[in-house]
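Within every chain, numbering begins at 1; the chains are lettered A, B, ... in the order of the sequence lines, protein sequences first and strands thereafter.
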There are 2 protein chains.
Amino acid sequence: MVTVKQPTPRVLTCDDLTDDQDQMARQVLARTFGPWSMWALHVMYSEARPLRFSRILERVEGVSQKVLTQTLRTLERDGLITRTVFAEVPPRVEYELTTLGRALLKRALPVWNWIVTQVPKLERAREAYDAR
Amino acid sequence: MVTVKQPTPRVLTCDDLTDDQDQMARQVLARTFGPWSMWALHVMYSEARPLRFSRILERVEGVSQKVLTQTLRTLERDGLITRTVFAEVPPRVEYELTTLGRALLKRALPVWNWIVTQVPKLERAREAYDAR
DNA sequence: CCGTATCCAAGCCGATACTG
DNA sequence: CAGTATCGGCTTGGATACGG
């Protein structure tokens, strides 16, 4: 078997992915755009500085402590945020977007801002569907 | 009570939304970027013509009939696709993106294409996390 | 302060069988 | 062909109590 030299470092497209890689890409996007993740990331993005757990918990209204913990852990595992523990009393934990996380948010926020402008349309579509 | 005339049709921003509207916007995005929804929408977007249920089922590998049915119903309820039933034997059902759905996909696909290029980084981040 | 552990209820998903 | 109906296992999330 002969190894063929790659002429240029090809840009990855959808079809270049293995099934595992494809699944990872889809799941990271799915998690990022999940209601709690999106909200938490948005908070971190607009603050643009390290945030304590309790600050995030305050701003992401309606999320429970348990679910926020899980959400942030997953975002950390996906490489979108960092989690820094300070050995103090009382303990302090700070979260911040990584470069990758900021890059993703930069691309996701236009979609968010656009969907916000479409809310009236979404409401009308929902009503029309439910009326049948 | 006096009706105040709106000077200009304001562009909606995040803060103009009621809690219900905010929740609808977040949930529609969350659903759209869900792994199955994203895949199904992508298939419809690239075909750019009405697709039968079974065609979509073939292309969205790994999804069960039940879950695909649910997924498509939700997308229809969100106003992103249309569902047309033909009174034939055997029955035929066709799905197609709405204008709103196409507009959303047009904005979502760049994010998808970008995340695909970041898969190596995602894999490294995951490995680093799991190694601790 | 920032979690983890535990219990419990609700909902999701696959498999299977059946219908217009 | 494109569903609906049903059942059972599994995951998920809230509430609460406790720990470093």
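- Counting non-hydrogen atoms under 4.0 angstrom, A:Tyr95 reaches the backbone sugars and phosphates but no base.
- Hydrophobic cluster membership differs between B:Val85 and B:Val89, with clusters built from Ile, Leu, Val, Met, Phe, Trp and Tyr side chains linked at under 4.5 angstrom.
- Each of B:Arg59, B:His42, B:Arg55 was checked for a side chain to side chain donor-acceptor pair (under 3.5 Å) with B:Glu47, and the lone residue meeting it is B:Arg59.
- Comparing atom distances between the A:Thr69 side chain and each of D:dA2, C:dG20, C:dG3 picks out C:dG3 as nearest.
- Across the protein-nucleic acid pair, B:Gln70 atom CD and D:dA5 atom C1' stand 13 Å apart, rounded to whole Å.
- Counting to the nearest Å, the P atom of D:dT12 and the CZ atom of A:Arg73 are 16 Å from each other.
- Between the P atom of C:dC12 and the CZ atom of B:Arg31 lies a distance of 12 Å, rounded to the nearest Å.
- Distances shown here put every side-chain N or O of B:Arg83 at or beyond 4.0 Å from the OP1 or OP2 atom of D:dA2.
- The separation between B:Leu72 atom CG and D:dT4 atom C1' is 15 Å, rounded to whole Å.
- Less than 4.0 Å separates DNA chain D from at least one heavy atom of each of the following residues of residues 32-67 of chain A: A:Ser64, A:Lys66, A:Val67.
- By the salt bridge (Lys or Arg N to Asp or Glu O under 4.0 Å) test, A:Arg92 is found to be paired with A:Glu88, A:Glu94, residues two or more places apart in sequence or in another chain being considered.
- Across all their heavy atoms, A:Ala125 and B:Gly79 have their closest contact at CB-CA, 3.7 Å.
- Applying the side chain to side chain donor-acceptor pair (under 3.5 Å) criterion to B:Arg83, with sequence neighbours excluded, gives B:Tyr95.
- Taking every heavy atom of both residues into account, B:Leu51 and B:Met44 meet most closely at CD1-CA, 4.1 Å.
- Nearest to the side chain of B:Val93, among D:dT4, D:dA2, D:dG13, sits D:dA2.
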